[in-house]
Amino acid sequence: MPEEEILAARKEKLRRLREEEGYDPYRPERFERSAHLAEIKRRFDSLTVDQHGTEKLTTAGRVMALRKHGKASFITLEDEGDRMQLYFQFDALGEEAYTFFKKWVDVGDFLGVEGHPFRTSRGELSVQVESFSLLSKALRPMPEKWHGLKDVEVRYRQRYVDLLANRGVRDTFRKRATIMAAIRALMTRTGSLEVDTPILSHLAGGANARPFVTFHNALGLQMYMRIATELYLKRLIVGMMGRVYEIGKNFRNEGVDTMHNPEFTAMEVYWAYADYEDMMTLCENIVVAAADSVGGRTVTYQGKEISLHPPFRRATMKELVKEHAGVDFDAITTDEEARRAARAKGIPVEGHESRFLLLAKLFEEYGEKHLIQPTFVLQHPVEISPLAKRNPEAPDYTNRFELFINGSEVANAFSELNDPLDQEERFRDQQRKKDAGDEESHPFDEDFVTALEYGLPPTGGLGVGIDRLVMFLTDSRSIRDVILFPAMRPREA
RNA sequence: GAGUCGUUAGCUCAGGCGGUAGAGCACCGGACUUUUAAUCCGGGUGUCCUGGGUUCGAAUCCCAGACGACUCACCA
């Protein structure tokens, strides 16, 4: 039967239910559960075959399978956490209730039941139903019970169908919530304050990325969706907030693939009087707290075993470029030498690139993909780090790290640049790049410089890509599998 | 943005070297008081993604397009 006919038939059935029984399945507003299905399973696991418990239970869920027989029927009921078999028997329910059940209850409907636990002669822990109420009705057919819903397009577009049909998907998002809670608990223990900063602003800074542009009608103002929370959070440290963090969505107007969604969840932390080494420890603690909350520090990601036991490996960008590209930047002292070396390694070179930029390019090209086990990459060039403090021993480099897991950047941190004069100069440098056509260069944020002029204490900052962390911890191959409603092109009208 | 692959019933999928489409589940009717992918009897429900072309005839071949997945590029 085509879906429209099934829908029409179910609507007709609903009409008859209302007319013939005087029952409106959309009228119930609440149902008190004495136990969830998982709890029932746990508490009555010791019942032996054919043994009935004496305790009266009330529970509720969605009918996922119906095995109707003449005067005794079984259903599979599923709630948010588990599924369980319910037994509907003519003698136990009485003719009126049993007939109502057989006539009106369909797969997909929500039921609230009262009954007692028992174990069937086939050994399945079940609930013998003594009374029930139809709490809500489904008009559309559920996906196939055995194979579930596989069509990825439907899974992402109609996530509710994916979630109701595929319990593994629910587990992933439950784990995501567990991870978030573990991270927040850790942050609270460190005395960090959770804050909210603007998503809409007239300047999109704090990272190098193309923003989404929008318009505020009443103010007659072009506005941007934020690409990072960094600059607002550091203003809070100027304002004596001490330790702050924010977990929220960032928006970047860039490509979509298995590691990128235009809106993604990032966490940023700023601690006064801390440096990037402190952030490294905090970063390890965050990863470990997240891992521990959902199953432990040894994880299998897409068949690869990843050990999240701290301390994670630490290596400078130069060391990694030497290791994986075979280019020794300690021996390179001019930009021209670096260009020759980069060209020799197949990096496109136009001729104006600095050795620092080329170091970063070589790392991206040759280093990143090898960093399967968690690795802190240290000492990024100043040129690609407009907001990080210089390393006093090597002023062309910064006291910064990025954490890579499975070849992807999961975290980025540094000792925050708090010299307003240096910051102003770096903004100018970014502005020059922007004027030269680099759309991802950082905009000049005058108010941020002003804030630094009021005094930013020594500060450590850390950003964590939450979606990617969740991916590794849930063995999800695409970022879309950890974002409830991922970005999709609208279906053709 | 480029390449590869995919799109057939509500779902999971077969099939179709061009002759008007099938299975299982779901669904509808019936039987059945311990089933669990229940079983048994009866019922086949479709814009074969869309548009155009070739052809006596297109779901199948060709072209264009939509959407998706994957790989690559940009990016976190």
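So that the names make sense, note that chain A is the first sequence line, chain B the second, and so on, each numbered from 1.
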OP1 or OP2 of [N] less than 4.0 angstrom from a side-chain nitrogen or oxygen of [X], does that happen here?
| X | N | value |
| --- | --- | --- |
| Arg480(A) | A69(B) | yes |
| Lys145(A) | A26(B) | yes |
| Arg489(A) | G68(B) | yes |
| Arg155(A) | A69(B) | no |

Decide whether Thr229(A) and Glu268(A) meet the rule of one side-chain donor and one side-chain acceptor closer than 3.5 Å.
-> yes
Between the side chains of Arg176(A) and Thr265(A), is a donor N or O closer than 3.5 angstrom to an acceptor N or O?
-> yes
In whole angstrom, give the distance that lies between atom [atom1] of [X] and atom [atom2] of [N].
| X | N | atom1 | atom2 | result |
| --- | --- | --- | --- | --- |
| Phe472(A) | A76(B) | CZ | P | 15 Å |
| Lys103(A) | C28(B) | NZ | P | 13 Å |
| Leu93(A) | U33(B) | CG | P | 15 Å |
| Leu149(A) | G10(B) | CG | P | 14 Å |
| Gln89(A) | U33(B) | CD | C1' | 6 Å |
| Met488(A) | A69(B) | CE | C1' | 10 Å |
| Ile479(A) | C70(B) | CD1 | C1' | 17 Å |
| Ile405(A) | A76(B) | CD1 | P | 17 Å |

For atom [atom1], what is the distance between [N] and [M], given to the nearest Å?
| N | M | atom1 | value |
| --- | --- | --- | --- |
| C28(B) | G65(B) | P | 43 Å |
| U47(B) | G6(B) | P | 23 Å |
| A26(B) | C11(B) | P | 15 Å |
| C62(B) | A37(B) | C1' | 43 Å |
| G46(B) | G15(B) | C1' | 15 Å |
| A58(B) | C72(B) | P | 42 Å |
| C49(B) | A66(B) | C1' | 8 Å |
| U50(B) | U7(B) | P | 13 Å |

Could you tell me whether Arg489(A) atom CZ has more than 12 heavy atoms of other residues or ligands within 6.0 Å of it?
-> no
Nucleotide of [options] approaching [X] most closely (side-chain heavy atoms):
| X | options | answer |
| --- | --- | --- |
| Asp257(A) | G68(B), C74(B), G10(B) | C74(B) |
| Ala72(A) | A69(B), G10(B), U33(B) | U33(B) |
| Thr120(A) | G68(B), U34(B), A76(B) | U34(B) |
| Arg67(A) | U34(B), A38(B), A69(B) | A38(B) |
| Lys71(A) | U33(B), G68(B), C13(B) | U33(B) |
| Arg10(A) | C25(B), C27(B), U33(B) | C27(B) |
| Ser478(A) | G68(B), A38(B), C70(B) | C70(B) |
| Glu144(A) | U36(B), C25(B), U33(B) | C25(B) |
| Val107(A) | A69(B), A38(B), C27(B) | C27(B) |
| Glu409(A) | A26(B), A76(B), U12(B) | A76(B) |

Lys433(A), Arg426(A), Lys361(A) screened by salt bridge (charged side-chain N to carboxylate O under 4.0 Å, His left out) with Glu383(A), the one that passes = Lys433(A)
Counting the atoms with a prime plus P, OP1 and OP2 as sugar-phosphate, which does [X] contact under 4.0 Å by heavy atoms, base, sugar-phosphate, or nothing?
| X | value |
| --- | --- |
| Met142(A) | nothing |
| Asn166(A) | nothing |
| Tyr87(A) | base |
| Asp50(A) | nothing |
| Thr76(A) | nothing |
| Arg119(A) | nothing |
| Gly255(A) | base |
| Arg477(A) | sugar-phosphate |
| Gln85(A) | base |
| Gly463(A) | nothing |

Using the ring of each side chain (for Trp, its six-membered ring), is Tyr87(A) parallel, tilted or perpendicular to Phe118(A), with breaks at 30° and 60°?
-> tilted
Is the closest basic N to carboxylate O distance between [X] and [Y] below 4.0 Å?
| X | Y | result |
| --- | --- | --- |
| Arg184(A) | Glu194(A) | yes |
| Arg432(A) | Asp435(A) | no |
| Arg16(A) | Glu19(A) | no |

Residue pair Asn208(A)/Val256(A) against RNA chain B: nearer the 5' end by closest nucleotide is Val256(A)
Mind checking which stems touch RNA chain B? I mean at least 3 consecutive Watson-Crick or G-U pairs, both distances under 3.5 Å.
-> B:1-7 with B:66-72, B:10-13 with B:22-25, B:27-31 with B:39-43, B:49-53 with B:61-65
Arg235(A) NZ/CZ over Tyr232(A) ring centroid, <6.0 Å and within 45° of normal = yes
Aromatic Phe100(A) / basic Lys103(A) pairing, under 6.0 angstrom, 45° off normal = no
Is the aromatic ring of Trp146(A) within stacking range of G24(B), meaning centres under 5.5 angstrom and planes under 30 degrees?
-> no
Taking the six-membered ring for Trp, are Tyr397(A) and Phe356(A) ring centroids under 6.0 Å apart?
-> yes
